[in-house]
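The sequence lines fix the lettering, A, B, ..., with proteins before strands; numbering per chain opens at 1.
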Number of protein chains: 2
Amino acid sequence: MRVIDLERLEQQLKAHSYKLTRQRRAVLRVLATTDGRLDAARICEDARAECPEIGLTTVYRTLDILADIGALRRLHLPDGCHSYAPASPGHRHHLICVGCGRAVEFEGCDLTALVDSVASKTGFEVEGHWLQLMGRCPECQSKRK
Amino acid sequence: MRVIDLERLEQQLKAHSYKLTRQRRAVLRVLATTDGRLDAARICEDARAECPEIGLTTVYRTLDILADIGALRRLHLPDGCHSYAPASPGHRHHLICVGCGRAVEFEGCDLTALVDSVASKTGFEVEGHWLQLMGRCPECQSKRK
DNA sequence: CCCCTAATTGAACATGGTTTTCATTTAGTA
DNA sequence: TACTAAATGAAAACCATGTTCAATTAGGGG
């Protein structure tokens, strides 16, 4: 699963004719192999294991690109707004562990009834939604005792 | 409705034994009487109409307090993360206009089926969720033409 | 396979929003 | 009214992110 993630990310970059540099590869690898909460500084730190000369600037640029092409989603946590997780194509959301920050994707939200009702009550045209579930992953549940 | 909002906000501050200063009153009034997008700088600017000597520092401190006691919710917009809207008690969400930033509350999201299914698939204990709808308010719809 | 060029990069600096510090002021109680 | 802890504002510190620019490099064309 992880290897596929990494390859898919590389494919996506290529598909948009971005060059596959060592720095970008390192960032992709970090994204593909980490479960935890990932802000830019942390990604940079981890990426240096594979590419020691990478700078924070490049990490930000790479994250921007990946978010642009939809390969990455920004997660919005209560305590801060910029963690990142790789995103599968299609309409997905994330379930985030409040203990360790791990993010898991899920799909199949059906909000049409809610959206219709809110739209007719308010007169808004609803264009999209943004949903995240917060919880505790199995490991953090057992750690708790 | 607006007056009630204001009084309720003041009550909530008192209930947590925070002092009701002129500065805080000014911030509360701004929150209670504005529909638009409200970041800290904007709130400060507006608050100076009622309390010219208020500083940005105090605005931030007041917003933190209000968020802590649940009187205020932070809204997370695609382009930035810190706008604020007063929050009614109970379980509500916000519908946000992508044109002007106006935020409207709604309630009645029913996600139990989704939550159950995701919980059993992932092993997470789901503790809460976070939902925002994005759309276009009536005014911004007509402005568009 | 190597050259060429546009894309990419890193360091340093700029920026902008938020927080901290600290001396002064003030709300609310006795 | 006096007192005291809480609250305030200005300035400085801080931190994440963005920009600049000269140097480097990926990857296609020869």
(message) According to salt bridge (charged side-chain N to carboxylate O under 4.0 Å, His left out), who are the partners of A/Glu139, at least two apart in sequence or on a separate chain?
(response)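 Partners of A/Glu139 by the salt bridge (charged side-chain N to carboxylate O under 4.0 Å, His left out) criterion, ordered by chain and then number, come out as A/Arg102.
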
(message) According to salt bridge (charged side-chain N to carboxylate O under 4.0 Å, His left out), who are the partners of A/Arg136, at least two apart in sequence or on a separate chain?
(response)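 Salt bridge (charged side-chain N to carboxylate O under 4.0 Å, His left out) list for A/Arg136, sorted by chain: B/Glu127.
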
Side-chain polar contacts of residues 109-118 of chain B - donor-acceptor pairs under 3.5 angstrom, sequence neighbours left out - could you list them?
from	atom 1	to	atom 2	distance (Å)
B/Asp110	OD1	B/Thr112	N	3.2
B/Asp110	OD1	B/Thr112	OG1	2.9

(message) Just to verify, what does A/Gln132 make a side-chain hydrogen bond (donor to acceptor under 3.5 Å, both in side chains) with, not counting sequence neighbours?
(response)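 Expected list: none.
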
(message) Applying side-chain hydrogen bond (donor to acceptor under 3.5 Å, both in side chains), can you list everything that pairs with B/Gln11, at least two apart in sequence or on another chain?
(response)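 So B/Gln11 forms no side-chain hydrogen bond (donor to acceptor under 3.5 Å, both in side chains) with any residue.
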
(message) Using the side chain to side chain contact (heavy atoms under 4.5 Å, CB included) criterion, which residues pair with A/Lys14? Sequence neighbours excluded.
(response)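 Partners of A/Lys14 by the side chain to side chain contact (heavy atoms under 4.5 Å, CB included) criterion, ordered by chain and then number, come out as A/Leu20.
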
(message) Holding to side chain to side chain contact (heavy atoms under 4.5 Å, CB included), I want the full list of residues that pass it with B/Lys19, two or more places apart in sequence or in another chain.
(response)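 For B/Lys19, the residues satisfying side chain to side chain contact (heavy atoms under 4.5 Å, CB included) (neighbours in sequence not counted) are B/Thr21, B/Arg24.
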
(message) Going 5' to 3' along DNA chain D, between which two nucleotides do contacts with chain B fall, using a heavy-atom cut-off of 4.0 Å?
(response)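 Boundary nucleotides touching chain B, in 5' to 3' order, are D/dA5 to D/dA11.
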
Just the rounded figure in Å: distance from [atom2] of [N] to [atom1] of [X].
| X | N | atom1 | atom2 | value |
| --- | --- | --- | --- | --- |
| A/His16 | C/dT8 | NE2 | P | 13 Å |
| A/Leu20 | C/dT9 | CG | C1' | 15 Å |
| A/Lys19 | C/dT9 | NZ | C1' | 11 Å |

(request) For each nucleotide in nucleotides 10-22 of chain C, reading 5' to 3', give B when a protein heavy atom comes within less than 4.0 Å of its base, S when such contact involves only the sugar-phosphate, and - otherwise. (result) BBB----SSBBB-

Just distance, no hydrogens or angles: give the donor-acceptor pairs under 3.5 Å from side chains in residues 50-64 of chain A, sequence neighbours left out.
from	atom 1	to	atom 2	distance (Å)
A/Glu50	OE1	A/Arg29	NE	2.7
A/Glu53	OE2	A/Arg22	NH1	2.7
A/Glu53	OE2	A/Arg22	NH2	2.6
A/Thr62	OG1	A/Thr58	O	2.8

(message) Between B/Trp130 and A/Val104, is there shared hydrophobic-cluster membership here, with clusters defined by ILVMFWY side-chain heavy atoms closer than 4.5 Å?
(response)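 In one cluster: no.
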
(request) Check ring-ring contact (aromatic ring centres under 6.0 Å, His included) between B/His129 and all other residues, then give those that pass, not counting sequence neighbours. (result)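 In terms of ring-ring contact (aromatic ring centres under 6.0 Å, His included), with neighbours along the sequence ignored, B/His129 is linked to B/His91, B/His93.
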
(message) When you measure from the side-chain N and O atoms of A/Arg24 to the phosphate of C/dT8, is any distance below 4.0 Å, counting only OP1 and OP2?
(response)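 It does, given that an N or O in the side chain of A/Arg24 lies less than 4.0 Å from OP1 or OP2 of C/dT8.
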
(message) Over the length of the helix from C/dC1-D/dG30 to C/dA30-D/dT1, how much do the five-pair end axes diverge, rounded to 10 degrees?
(response)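 Overall, the helix from C/dC1-D/dG30 to C/dA30-D/dT1 bends by 30° from one end axis to the other.
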
